[in-house]
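The next block holds one structure in the form of structure tokens; read it before the comments.
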Amino acid sequence: MPDADASSLLIRPCPDPKFGDYQCNALIALAKNRENPREFAVRVLAKLDVSEWCEKVELAGAGFINFRLKTSALAQALQSAMRADRPFIQKENPQRTIVIDFSSPNVAKPMHVGHIRSTILGDCLARTLRLLGHRVITDNHIGDWGTQFGMLLVGWKKLLDRNALETDPLAEMERIYKAVQSKCDPEKPGYDAATHEAARAELVKLQNGDAENLVIWTEMKKLSQKQFDEIYSRLGVKFDCTLPESFYNDKVKQVYEELTAKGIAVESEGALVVFQNEPTAPANIKGRPFIIRKRDGAANYASTDLAAVLYRTEELAKEVYPRDDLTVEEVLYVVDSRQRDHIDHLFATVHKWFTATGRNPPRLPQVDFGTILGENNRPLKTRSGENVRLRDLLDEAEERALKIVSQKNPDLPEAQRREIARIVGIGAVKYADLLPNRTSDYVFSWDKMLALDGNTAPYLQYAYVRIRSIFRKGGETVESGIRNAELKLTAPEEITLAKHLLNFGIVLEAVAKEYRPNYLCNYLYELAGNFARFYENCPVLKADEPQRTTRLILCDLTARVLKQGLEVLGIETTEQM
RNA sequence: GCGCCCGUAGCUCAGAUGGAUAGAGCAACUGCCUUCUAAGCAGUGGGUCGCGCGUUCGACUCGCGCCGGGCGCGCCA
């Protein structure tokens, strides 16, 4: 069948173990309109020899081919995993260079729940892609430029309370911003034309390099960065670079010039805009303007995003990796789904622009995500209607976790309980965020994320703890001879667990392909479940050889996959809890 | 008005190129701790996958049309 698409011949895990371990259902589609799918499958099977790995291959239903692993092959796979640094994972080929744009908080504003999904998702994807062997550059595109600074400067000069700035700089900056902002909206009752004009004037001065305003601006940035660093450190999130909007101040001019010269951007109502009028343009942006320079000549986020695409594809890789031959062909935007139109505009414009100037347009996938809702199904807010601050949220997570740990394990010293509470609390918040399909909204619930049962971070961490406890009790180390031992898998719980371990790499690849960490969450939950059943039914330390060693190996591999999997999710593990 | 996303068990959610009898957790009920951490395990009940039509050997998944909800649409990011 020479015209068949070989890449469609996927073999993947069976949906239900009663059919087998792996299945291939592509033959049904391939046989279509040529011959009976079952007869075709019979002919294929006649030429297929997988007897080294599989039991007798079964043909079922309309033409499904079901494979069942031989226990000996399974044992062999586990043995080689025991000797691997990263069991069950294969590096992807070819190795790509990928920029990830995520988190992007604003200067002078406290980080709040609105930033958490981008931060956690982006970090998780960076970890996943790196583990699979790709070169990843994480970039925090901080909002440190734009209209809000006019108002902030007015507030700083007229309303600033130095003592308040000392104790809680973000709260104070937010206060003065809100105070001025409320007077700058002509639609609102408190509108004050003089303040509005003053804000505009301060903004112009800042943009023109006024020394005093630059000093204040720099101070605001410094205070904000301190806050960002504190949050990122608690979350264990790191960036390769932090190139804020202002970094592109001197780079937007080139964007205007090139897009105008190529006739891609045109003047409209005083602004510089790009239209997508081609019949093939996506419906959501067709005929709508993408404003890349405001009427007053100032840049907006479209300007800096365009400049950033150019910089990231042409300069960034050289800066981060000391070599010249890397091409960035992909920039991931981890931003919420409401920015869909913006990203589509950006992509369409970049495509025209790069093509017209002889550059290769990069892929610009949007990793979009939904909103975090409160119990009332409205976007999550505090009782008084404010945004929930990330710092408060993380504090509460740790406090709640501490209560539970202290209740469950009161004998541990306090310092250790606090450390466990940190790991469990932060892990619970992250896991709750990564578990739902990212495109849907989810309801935030402390009780659910910290629950002692169900699909939660504590459940996975607990599975890890139980394994570590076995090794502690038995005084066993992995080095003590089991690394090269023969495995003898007999109990059904052993075999189910072992087979599940094998699929770790496949799941990571699915996560990387669709930018969907929830596949990994579900895999790890099933792994922990399989382990729990094994743990109930298969005593380890009291078993006789060769079962004892076999089970120790299963324990060790499960622990390593759990730890590695959680690490990819950005979640820490602990030895006791 | 145009566009995007969503609608699966009482509740919160999974469901990887369309694939086999649609799955978890919670909530309800029933068992299991002198035995490696019971933050666990085993079991029972619970569904016209919003509605209709179509494509297909096969549809929760794809197409069209309704109904219901969220969000976005010219100078915020």
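Here is how names work: the chains are called A, B, and so on, in the same order as the sequence lines, proteins then strands, and each is numbered from 1. Hydrogens, waters and symmetry mates are skipped; everything else that's a heavy atom, side chains included, is used.
- Between the C1' atom of B:A42 and the CZ atom of A:F531 lies a distance of 17 Å, rounded to the nearest Å.
- For B:A14, the OP1/OP2 oxygens have a side-chain nitrogen or oxygen of A:S440 closer than 4.0 Å.
- Relative ring orientation between A:H196 and A:Y191 is described as perpendicular, the plane-to-plane angle rising above 60° on a 0-90° scale split at 30° and 60°.
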Distances for protein N/O vs nucleotides 23-27 of chain B N/O pairs under 3.5 angstrom?
from: B:A24; atom 1: O2'; to: A:Y525; atom 2: OH; distance (Å): 3.3
from: B:C26; atom 1: OP1; to: A:D453; atom 2: OD2; distance (Å): 3.4

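- For A:K473, there are no side-chain hydrogen bond (donor to acceptor under 3.5 Å, both in side chains) partners, not counting sequence neighbours.
- Taking every heavy atom of residues 514-523 of chain A and every atom of RNA chain B, pairs under 4.0 Å involve A:E514, A:R516, A:N518, A:Y519, A:N522, by number.
- Across the C1' atoms, B:G45 and B:G1 are found 49 Å apart, a figure rounded to whole Å.
- Comparing A:P13 and A:Y535 by the nucleotide of RNA chain B that holds the closest heavy atom to each, the one mapping nearer the 5' end is A:P13.
- Judged as a side-chain hydrogen bond (donor to acceptor under 3.5 Å, both in side chains), and not counting sequence neighbours, the contacts of A:S303 are A:N300.
- B:A16 atom P lies 17 Å from atom CD of A:E509, rounded to whole Å.
- Annotation for A:E398 and A:R422: closest pair OE2-CG, 3.7 Å, computed over non-hydrogen atoms.
- A salt bridge links A:R468 with A:E575: at least one charged nitrogen is closer than 4.0 Å to a carboxylate oxygen.
- Applying the side-chain hydrogen bond (donor to acceptor under 3.5 Å, both in side chains) rule to A:D441 yields no partners; only residues at least two apart in sequence or on another chain are considered.
- Put simply, the side chain of A:L243 does not reach to within 4.5 Å of the side chain of A:I142, judged on heavy atoms.
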Got a list of protein N/O to nucleotides 20-22 of chain B N/O distances below 3.5 Å?
from: B:A20; atom 1: N6; to: A:Q23; atom 2: NE2; distance (Å): 2.9
from: B:A20; atom 1: N6; to: A:N66; atom 2: OD1; distance (Å): 2.8
from: B:A20; atom 1: N1; to: A:N66; atom 2: ND2; distance (Å): 3.2

Full working for salt bridge (charged side-chain N to carboxylate O under 4.0 Å, His left out) between A:E197 and A:R200: CA-CA 5 Å; A:E197 185 46 44; A:R200 252 197 293 251; 3.4 Å; yes

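- In this pair, A:W446 and A:F444 present their aromatic rings perpendicular. The plane angle is above 60°, beyond the 30 to 60° band.
- Residue A:F534 contributes atom CZ, which lies 15 Å from atom P of B:A42 at whole-angstrom precision.
- For A:E509, the side-chain contact (heavy atoms from CB on, under 4.5 Å) partners two or more places apart in sequence, or in a different chain, are A:E92, A:L132.
- What you find for A:I89 and A:F504 is that their closest heavy atoms are CD1-CE2, 3.6 Å.
- A:C538 comes within 4.0 angstrom of a nucleotide base, judged by non-hydrogen atoms across all strands.
- Rounded to the nearest Å, the gap between the C1' atom of B:G58 and that of B:A20 is 10 Å.
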Could I get a table of every N or O pair under 3.5 Å where one atom is in the protein and the other is in nucleotides 59-70 of chain B?
none

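- When heavy atoms are screened at a 4.0 angstrom cut-off, A:R533 is found touching the sugar-phosphate backbone but no base atom.
- Within the nucleic acid shown, A:V273 comes within 4.0 Å of at least one base atom, counting heavy atoms only.
- With the nearest nucleotide of RNA chain B identified for both A:Q576 and A:R288, A:Q576 has the one nearer the 5' end.
- Comparing atom distances between the A:E536 side chain and each of B:C13, B:C4, B:G40 picks out B:G40 as nearest.
- At a threshold of 4.0 angstrom between heavy atoms, the contacts of A:V443 are confined to the sugar-phosphate backbone, with no base atom among them.
- In this entry the distance linking OH of A:Y459 with P of B:U12 reads 23 Å, nearest Å.
- In plain terms, the two heavy atoms of A:K294 and A:T147 that are nearest each other are NZ-OG1, 3.6 Å.
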Short heteroatom pairs, N/O only, protein and nucleotides 75-77 of chain B, under 3.5 Å:
from: B:C75; atom 1: O2; to: A:R295; atom 2: N; distance (Å): 2.8
from: B:C75; atom 1: N4; to: A:E269; atom 2: O; distance (Å): 2.9
from: B:C76; atom 1: OP2; to: A:K294; atom 2: NZ; distance (Å): 2.7
from: B:A77; atom 1: O3'; to: A:E245; atom 2: OE2; distance (Å): 2.4
from: B:A77; atom 1: N7; to: A:Y301; atom 2: OH; distance (Å): 3.4
from: B:A77; atom 1: N6; to: A:Y301; atom 2: OH; distance (Å): 2.5

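- Proximity note for A:I404 (side chain, C-beta onward) versus B:A38, B:C41, B:A39: the nearest is B:A39.
- Between the CG atom of A:L541 and the P atom of B:C36 there is a distance of 10 Å, rounded to whole Å.
- Between the CD atom of A:Q276 and the P atom of B:G74 there is a distance of 16 Å, rounded to whole Å.
- In this structure, A:F149 and A:W217 have perpendicular ring planes: the angle between them is above 60°, well past the 30° mark.
- For B:C33, the glycosidic angle deviates from 0 by 90° or less, giving a syn base.
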Which pairs would a plain distance check flag for residues 271-280 of chain A, meaning a side-chain donor or acceptor within less than 3.5 Å of a matching protein atom at least two apart in sequence or in another chain?
from: A:Q276; atom 1: OE1; to: A:K352; atom 2: NZ; distance (Å): 2.9
from: A:E278; atom 1: OE2; to: A:K352; atom 2: NZ; distance (Å): 3.1

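- The residue A:P436 sits close only to the backbone: its heavy atoms come under 4.0 Å of sugar-phosphate atoms, none of a base.
- A salt bridge is absent between A:E269 and A:R295; no separation between the charged side-chain nitrogens and carboxylate oxygens falls under 4.0 Å.
- Under 3.5 Å, the side chains of A:N284 and A:D341 contain a donor-acceptor pair of N or O atoms.
- There is no side-chain donor-acceptor pair under 3.5 Å between A:Y248 and A:D305.
- The same atom, P, is picked in B:G72 and in B:G63; the two are 25 Å apart, to the nearest Å.
- Rounded to whole Å, atom P of B:C5 lies 13 Å from atom CZ of A:R438.
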Can you give me the dot-bracket string for RNA chain B, 5' to 3', counting Watson-Crick and G-U wobble pairs with both distances under 3.5 Å, using [ ] for crossing pairs and | for partners on another strand? (((((((..((((.....[...)))).(((((.......))))).....(((((..]....))))))))))))....

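- For A:S440, there are no side-chain hydrogen bond (donor to acceptor under 3.5 Å, both in side chains) partners, not counting sequence neighbours.
- Regarding A:N376, its CG atom lies at a distance of 13 Å from the P atom of B:U12, rounded to whole Å.
- The residue A:A510 sits close to a base: some heavy atom pair falls under 4.0 Å.
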